[in-house]
There are 2 protein chains.
Amino acid sequence: MAGPKGSKYYDVFLKFKVWLENTEGESILGNGKFELIDYIDQLGSLKAAADKLGISYRKAWGMLKDAEEKLGFCLTEKHRGGQHGGNSVLTTEGKELIEAYKELLVEFDEAIYQITKKFFNKVNK
Amino acid sequence: MAGPKGSKYYDVFLKFKVWLENTEGESILGNGKFELIDYIDQLGSLKAAADKLGISYRKAWGMLKDAEEKLGFCLTEKHRGGQHGGNSVLTTEGKELIEAYKELLVEFDEAIYQITKKFFNKVNK
DNA sequence: AATCGTTATGTAGATATTTACATATAGAAA
DNA sequence: TTTCTATATGTAAATATCTACATAACGATT
């Protein structure tokens, strides 16, 4: 969101980000990983999700592994082998998590909208 | 904020971050720079602010320069020379910006509190 | 048993970011 | 005019991240 034209703050946007952290302050998963998990859910495999996001399988696999290790439980159930190579499906926990995250984003968007409106009203002349 | 003890999500916290971006998607200033600017305001010099934050003067100077370049106007008025070496004071714009940012944080904290409460209620068993 | 596509993982190289160190300059006050 | 200390800035080294490429294993289907 930007201020009115001609303002000092024109073309400046207020952005936000939400993510999960553990007690050590390490990031567990943020938007990128949530998106990946969501695509795994929609497309049925990590490979397909990686392709959809335009990132390498290697990278996507690393993201997923990192999130699961830090959480301490699996978000996906992986199957390998078979004519189609294998597939991945979300665990119950994984489904719950992305569902909650989606709802969270909706609420956040609403909050940010209200807050940024005030911010730019205050900051702009 | 964490879920109830014994929960799958115990020790997992929902965090957020806000910052200003320009149209190119470059970050202009976030919490670290705001904190620096706030300390300059309180302490009267970039050096003192850097010391307070436990970062090098060189680093603090780079942070400030970067923010001012990207904004296109100065947040501080710098004076060098004199028996005490010099000092820095915030411009009117600088003062306005950190004041607005502080108020913004208060509102964000409130919003995040409400949202995380719902999030963990939803996600925890 | 041969095939096929996905999961699984190591590693070297490239990039980006951060940190450390060094040095110059201004200018009021003594 | 000497001193003192904050502002000002370049640069090399150290870290951290990301990317690219390689290779192995698995197992249902044919």
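Since this is a predicted model, take the numbers as computed values, not measurements. Residue numbers start from 1 in every chain, and the chains themselves are labelled A, B, ... in the order their sequence lines are given, proteins ahead of strands.
Residues passing the side chain to side chain contact (heavy atoms under 4.5 Å, CB included) test with A/Phe34, sequence neighbours excluded: A/Leu20, A/Leu29, A/Leu97, A/Ile98, A/Tyr101. For the side chain to side chain contact (heavy atoms under 4.5 Å, CB included) test, no residue two or more places apart in sequence or in another chain qualifies with B/Gln83. Partners of B/Glu35 under the salt bridge (Lys or Arg N to Asp or Glu O under 4.0 Å) rule, at least two apart in sequence or in another chain, do not exist in this structure. Residues satisfying the side chain to side chain contact (heavy atoms under 4.5 Å, CB included) criterion with B/Glu103, sequence neighbours excluded, are A/Lys122, B/Glu99. By the side chain to side chain donor-acceptor pair (under 3.5 Å) test, A/Lys78 pairs with A/Glu68, A/Thr76, sequence neighbours left out. Annotation: salt bridge (Lys or Arg N to Asp or Glu O under 4.0 Å) contacts of A/Lys17 (sequence neighbours excluded): none. A search for side chain to side chain contact (heavy atoms under 4.5 Å, CB included) contacts involving A/Ser27 returns A/Trp19, not counting sequence neighbours.
In the hydrophobic clustering of this structure, A/Leu46 does not group with A/Val89; members are Ile, Leu, Val, Met, Phe, Trp, Tyr whose side-chain heavy atoms approach within less than 4.5 Å, directly or through other members.
The footprint of chain B on DNA chain C, defined by a heavy-atom cutoff below 4.0 Å, extends from C/dT19 to C/dA30.
Taking the six-membered ring where tryptophan is involved, the planes of B/Phe108 and B/Phe16 are essentially parallel, since the angle between them stays under 30° and well short of 60°.
In this structure, B/His79 atom NE2 and D/dA8 atom P are separated by 10 Å, rounded to whole Å. Rounded to whole Å, the distance from CG on B/Leu64 to C1' on D/dT9 is 14 Å.
By the 6.0 Å contact criterion, NZ on A/Lys70 is enclosed, its count of non-hydrogen atoms from other residues, nucleotides or ligands being greater than 12.
With axes fitted over five pairs at each extremity, the angle between the ends of the helix from C/dA1-D/dT30 to C/dA30-D/dT1 is 0° (10° resolution).
Within residues 46-63 of chain A, the residues having any heavy atom closer than 4.0 Å to DNA chain D are, in order of number, A/Arg58, A/Lys59.
Screening residues 37-47 of chain B for salt bridge (Lys or Arg N to Asp or Glu O under 4.0 Å), with sequence neighbours left out, gives B/Asp38-B/Lys102, B/Asp41-B/Lys95, B/Lys47-B/Asp51.
A/Thr116 places no side-chain N or O within 3.5 Å of a backbone atom of A/Leu14 that could act as its donor or acceptor partner. Put simply, the side chain of A/Ser45 never gets that close to the backbone of A/Ser88: no donor and acceptor are under 3.5 Å apart.
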Fill in: Reading 5' to 3' through nucleotides 24-30 of chain D, protein heavy-atom contacts under 4.0 Å coded B for base, S for sugar-phosphate only, - for none
-BBBBSS
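Taking only side-chain nitrogens and oxygens, B/Ser88 never comes nearer than 4.0 Å to OP1 or OP2 of D/dA6.
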